[in-house]
**Student:** 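Provided herewith is a single structure, encoded as structure tokens, for subsequent inquiry.
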Amino acid sequence: MNAIEIKGLSKTYRGKRGARVEALVDLNLDVKAGEVFGFLGPNGAGKSTTIKLLTGQLRLNSGCAMLFGVQVSDPDARLRLGYLPENPSLHGHMNAWEHLRFVGQIHGLDAQRIKRDSQQILELLELDKDAKRPVKGYSKGMTQRLALAVALLPDPDLLILDEPMSGLDPLGRALVKDIIRDAKGRGKTVFFSTHITSDIEAVCDRIGIVVRGRLCALENVAELLREGVEGYLVRYADKLGCQHEDLIVRDRLRERLDSLLASGATLDAIEPHRRDMEAYFLQTVKDAEACLS
Amino acid sequence: MLPIILMTMRCFLRDRILFALLGAAGLLLLLIPAMSSFSMRQVQELSITLSLSANSFLLLILATLLGSASVWGDIERRYTAGLLGLPLSRRSYLLGKFTGIAVFLLACCAILAVAGLAVIAIAKSQYPAASDPQWWVILLASAMIGLKYVLLAAFAMFFSTLSTSFFLPIFGTLGVYFAGTASQEVFEYLNSDIAENLSPLVKSCAEAFYYILPNFSAFDLKVQAVYGLPLDAMSLLGTLLYFLAYLAVLLTLSVWLFERRDL
Amino acid sequence: MKRSLFLALLILVLISVTRFQVDWLAERPIAVKLGYTPAAEVQRLLAGEHRLALSEMSVIRVLFYFGSLVDKWRNQIMLPPEYFNMYKTVETAVKLDPYNMDAYYFAQSAFTWEVGRAREVNALLDYGMKYRTDDWYLPYFAGFNAAFFLQDYKQAAQYMERAAQLSGNPLFAKLASRYFYESGRTQLGIAYLQGMVEQERDPQQKRAYKLRLDALVVTRTIEDALSEWRQDHDKDPQNIAELYSAGLLAQIPEDPYGGEFFIDEEGKVRTTSKFALARPVENTQQQTLDEIPEAKE
């Protein structure tokens, strides 16, 4: 069973004076269980709309969306879901412990487990020292980490994270990446939106790029990376001992290596030289925009 | 639903504004014995009037603020994004929130009622009336005040589910309060001889409003409590049923509207 | 440092201004004014559930107003009372809360003796009796008014009968008729006022009742002397001094209201003060009670 199934999903907002804004047009997307899926797109492309539809905050105009085979309009669809909203906002009067207990209770976990898991997660996210302080005194990064803790607490089979890296320092980003990798290692599914391409390379299995409410690319990251190899950087020392660096195009690698070895040079390193993810993303968006307008 | 009720109440208990309001009401109650002594012939009656009025006034503020801020405030501060991402139906969220508000209002009402009884006892000791106050009727009148404002809070919440700003919830609720308090008076006026010359259209409009608006006069037992008049058990039961039926309709409508809303 | 100095300076200015303001306010002309009250129907609609409190507040406002007037009279400052507004406010209070005993009580004490509007007060009391069905005070007041001011003894007897039933005290029933026929009008007033003085709690009201009681007691003494005079003479005396000279009075009696007693053409003992502290002042607009509409019976 797929973790996420989206079929023909459309969403139109009614703007001022009857203007209609098409936020999402006929979106079709399946995310398999155990996959880490990156959802990319420029600002206002429909990433957040998709996530809000999946988490039951918006009503669908047409099409259908399911989490683990349950329609998203049914609150039970969110039983196996951990959700991190974009720029999360938490009740200022409550402290971290109370937030986690509340979420645990809503998920129907027993008190013992809530206590044990909360402790563990708060330590993991380095919030244990501030856990008894009301949240209104938290910095942006701390709020983001607590919201992530809230999403992780029920140990969900599916994590939907809306811009999980925003507001975090490099240490925090590394932590989030670790958490995503760890979830994947335990067979969980992760669906996250971002516009930071380097994050994608690090953790994603697949990506989807959405532009103006339309899905324009759906790619396997490993393949993309393989296809994206444009050449190799070869570092070697010639027989006189002088260091050299050469960029060799993909098709001529073998030929070039043979001649180098024949000339008596010693190879130090061969690194694939990729067209990077950012370039791919920008190109895709550009093409799509051109095609749509 | 229980967690959301508890959370709602916990947040109220940590809100300093609410405590300031309760403190102000407490001070007001303390002034009542002194104010009652201005009366020539009905010190005890005046103390009952004032303590019930103070109770009612504080609950009006609380019901309006809490009910209006409930859903609208949660959306405005984007708490709903996280909350509704949980396996929690909008119905449970709304009803839990409302139950939290209702319990809080009733608790405030109970505290003020008990404080009021103490104040009345003090006033009574200053200048005893011909007959002892009917303590149970006073408590019953306080309970009715509580129910009335629970109903008003439901109205505030109803407006809150509709609105994207605080204007409609706050002013809509106050409007309903004033209209609902006056509706019986207007209705009786329209059915008296004085209003014979009024156009039938105006009359039927007013009558329609009378039936649509909540009739808060039914919840007003002040005269009975102050002057120890007999109570009619049937009409009390009728008011209770009216309360339940009206509340059920309002909450159902609120849930229905809220479930259809994009957040 | 600079900022705190500036703040200190500002506070200093505020204190000195406040100081002057206290003086200004102390010297400002004080207008004791009651003013008009909005219509009862409007107040009922606006006050809603708080109309009992509003009713009581209106009565207390009138009470304060009247009290401050009485204080002024005592200090020889004669301000004409806004009787019409007073009556209207009390009437409104009763419409807001028909059970409001303070309103009936005040109407009874303020609009009968001084102003002579017993008929309107009785209409108000009749209205109250429809609500305060087990309160004997209202029929008692009404009965007294009917007998003492209106001299309608049949009506008075009915009221007193009701008061007797409600209080369980048969004395009331006899009060009106017996006192009038046996001892006359003044004695009825004395009996009534004695009762009021005894149970009055408010010192100012108590003083007012006491004053009137004293005046009636003095009147009574003169009346007794007069009837003694009549036993021996065919003609009434010219003045009070004649009674004193005849040894029927121990001293020339003084009117507590500051007037002088005299015997009128009908042979009744009266005083120039008319038993009122407030006398019309020349060149001031006085609100007369004629503005009070005749009460509907």
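Note: hydrogens, waters and symmetry copies are ignored here, and every other heavy atom, side chains too, is used.
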**Student:** First locate atom CG of C:Leu46, then atom CZ of B:Phe178, and finally report the distance between them rounded to the nearest 0.5 Å.
**Tutor:** 8.0 Å
**Student:** Looking at every heavy atom in both C:His50 and B:Phe57, which two are closest together, and how far apart are they?
**Tutor:** CE1-N, 4.2 Å
**Student:** Is it the case that atom NZ in C:Lys206 sees more than 12 heavy atoms from other parts of the structure closer than 6.0 Å?
**Tutor:** yes
**Student:** Of the non-hydrogen atoms in B:Ala182 and C:Leu45, which two are nearest, and what is the gap between them?
**Tutor:** CB-CD2, 3.5 Å
**Student:** Measuring heavy-atom distances to chain B, does C:Tyr137 have an atom under 4.5 Å in its side chain, in its backbone, in both, or in neither?
**Tutor:** side chain
**Student:** Contact between C:Tyr131 and B:Leu229 at the side-chain level, heavy atoms closer than 4.5 Å - yes or no?
**Tutor:** no
**Student:** Tell me, side chain or backbone of C:Asp97 under 4.5 Å from chain B's heavy atoms, or both, or neither?
**Tutor:** side chain
**Student:** Are B:Tyr227 and C:Arg132 packed together at the side-chain level, in the sense that at least one heavy-atom pair is separated by less than 4.5 angstrom?
**Tutor:** yes
**Student:** Heavy atoms, side chains only, cut-off 4.5 Å: are B:Leu46 and C:Ile60 in contact?
**Tutor:** yes
**Student:** State, to 0.1 Å, how close B:Met40 and C:Asp102 come at their nearest heavy-atom pair, and which atoms those are.
**Tutor:** N-OD1, 3.2 Å
**Student:** Taking the side chain as everything from C-beta on, heavy atoms only, tell me whether B:Val223 gets closer than 4.5 Å to C:Tyr99.
**Tutor:** yes
**Student:** So which atom in C:Met57 and which in B:Leu50 form the shortest heavy-atom distance, rounded to 0.1 Å?
**Tutor:** CE-CD2, 3.8 Å
**Student:** Is B:Phe219 in contact with chain C via its backbone, its side chain, both, or neither, using a 4.5 Å heavy-atom distance?
**Tutor:** neither
**Student:** In Å, rounded to the nearest 0.5 Å, how long is the span from CE of B:Met144 to CD of C:Glu49?
**Tutor:** 13.5 Å
**Student:** Compute both the distance and the angle, then confirm whether C:Arg44 meets the cation-pi test with B:Tyr189: under 6.0 Å from the six-membered ring centre, within 45 degrees of the axis.
**Tutor:** no
**Student:** Take atom OH in C:Tyr127; do more than 12 heavy atoms of anything else shown fall under 6.0 Å from it?
**Tutor:** yes
**Student:** Any side-chain heavy-atom pair from B:Thr49 and C:Glu56 closer than 4.5 angstrom?
**Tutor:** no
**Student:** Above 12 or not: heavy atoms from other molecules or residues under 6.0 Å from CD1 of B:Ile17?
**Tutor:** no
**Student:** Rounded to the nearest 0.5 Å, what separates atom OH in C:Tyr105 from atom CZ in B:Arg41?
**Tutor:** 5.0 Å
